[in-house]
Amino acid sequence: MSEVQAIVRENIRNLHPYQPGKPIEEVEREIGISGVIKIASNENPLGPSPKAIVAATEAVLTGNLYPDGSAFYLRRAVSEFHDVDSERLVFGAGCNEVIQMLISAFCVPGQDQVLSHKYAFISYRVQTLAHGCEFVESDVTDVLGCDVDALLAKVTPRTKLIFVANPNNPTGAHLEREDLEKLLNGVPDHAIVVIDEAYHEFATVSYPDYPKSQDYAQDRPRLVTLRTFSKAFGLAGFRVGFGICSTEVAGYLNRLRRPFNANAIAQEAARAALGDTEHVERSTALVKAEIAKYRAAASDIGVVAYPSLGNFLLLDVRRPSEEVYTALLHQGIIVRPMASWGLKTHLRFSVGTAEQNDKAIAALKLVLA
Ligand SMILES: *Cc1c(COP(=O)(O)O)cnc(C)c1O
């Protein structure tokens, strides 16, 4: 064991290093082709809202100044947009940071447990283990979604946080209203329940019965809803997301929040994006149409497409997905292999532009033929 290895905290030593996807330019150089399409990170293929681009460009000019530490204008805009009290909002550099704040605020290392289900958003597990807490996973439904009964059966006196993404990434599965109600009603008094709605803009458009957790916020001080500007708003690179909490929970999270965590340019971009409903509508309409197209194509090719309310689709290609992933890469298509989740024949396709999706579908047909 090296000297550094000997002194790093054991829970950090045992974490798997994150393997980021390669930048498009690097893949093009390695394979020797141009025009590579990356549909691997659930990004918005239409780009940021044009209004956000203008606002961000303007904000660059005052980049010598620290951001507004309380995100005053963004807070007011989000508060009006979602009709929630501004004291209930906590902003982060993406909602990944809010996840981290929740774990830091509520979980005692070496003692408490964080609960989610198998194939959940990877960040819940990684950040829990990095913090030195135990991560507990329940079994899933046949479409790899949260089985609420199985989840609640895993609650112990040590459970402090319960994370469920609705819809879930990477599987796309969602909770029906009765599932969400059962979950919220089953949370023990000693736990916070976090409903991660990173994809709710797509979900509400593709599924009118999609249940929003904030409809249940009344008298539930231990409910937290996560939202982000990374997906439908197209601002993943800016890093801004937020939690809608009870005033009490928000108060604690804001105590431990790093100063100036949501940067000034991101705050302005997000505020402008919020006012650009047309861009969100174009983005969600694109996803709805293109998911239908992928689904039809999957059925043609004979691969299994899982249900999805997000801007991505999980496919079971019924052969080792690493091979299919590599073959697609050589066709200039980068998708997300799911082997590290234990899904050895699955790939996740993010929805790109119509043209990108056509190319991805054609490449998949070719590769599987
Ligand atoms: C993309 C995603 C997020 C958003 O993370 P940011 O840090 O806001 O970019 C959160 N939860 C889930 C389930 C996601 O897929």
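Counting convention: from 1, in listed order, for ligands and their atoms alike.
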Charged N-O contact under 4.0 Å between Glu25 and Arg29: no
Arg13 with Glu10: basic N within carboxylate O range, under 4.0 Å: no
Would you please determine whether [X] falls within less than 4.0 Å of ligand 1 on a heavy-atom basis?
{"X": "Gly94", "value": "yes"}
{"X": "Tyr199", "value": "yes"}
{"X": "Glu97", "value": "no"}

Need the ligand 1 atom indices (1-based, order shown) with element for anything under 4.0 Å from a heavy-atom of [X].
{"X": "Ala198", "answer": "2 (C), 3 (C), 10 (C), 11 (N), 12 (C), 14 (C)"}
{"X": "Ser230", "answer": "6 (P), 8 (O), 9 (O)"}
{"X": "Arg239", "answer": "6 (P), 7 (O), 9 (O)"}

side-chain hydrogen bond (donor to acceptor under 3.5 Å, both in side chains) pairs, two or more places apart, involving residues 114-123: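 Every pair satisfying side-chain hydrogen bond (donor to acceptor under 3.5 Å, both in side chains) with a residue in residues 114-123: Asn96-Ser123, Lys118-Asp139, Ser123-Gln127.
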Phe121-Tyr124 aromatic ring centre distance below 6.0 Å: yes
Within the 6.0 Å centroid threshold, strictly below: Tyr252 and Phe106: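 Tyr252 vs Phe106: aromatic centres not under 6.0 Å.
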With Val335, the side-chain contact (heavy atoms from CB on, under 4.5 Å) member among Leu329, Leu328, Val324, Leu364: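 The option that passes is Leu328.
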Partner residues of Ser70 under the side chain to side chain donor-acceptor pair (under 3.5 Å) criterion, sequence neighbours left out: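 Ser70 satisfies side chain to side chain donor-acceptor pair (under 3.5 Å) with Asp68 once adjacent residues are dropped.
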Closest to atom 11 (N) of ligand 1 (judged by heavy-atom distance), picking from Asn169, Val194, Asn42, Asp196: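 Nearest heavy atom to atom 11 (N) of ligand 1 lies in Asp196.
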Ligand 1 N/O within reach of Lys231 N/O, cut-off under 3.5 Å: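 Indeed, backbone or side chain, Lys231 has an N or O that close.
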Any N/O pair Cys95/ligand 1 closer than 3.5 Å: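 So ligand 1 has an N or O lying under 3.5 Å from an N or O of Cys95.
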Atom 5 (O) of ligand 1: the protein heavy-atom neighbour that sits closest, reported with distance to 0.1 Å: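 Answer, as residue, atom name and distance: Asn96 ND2, 3.4 Å.
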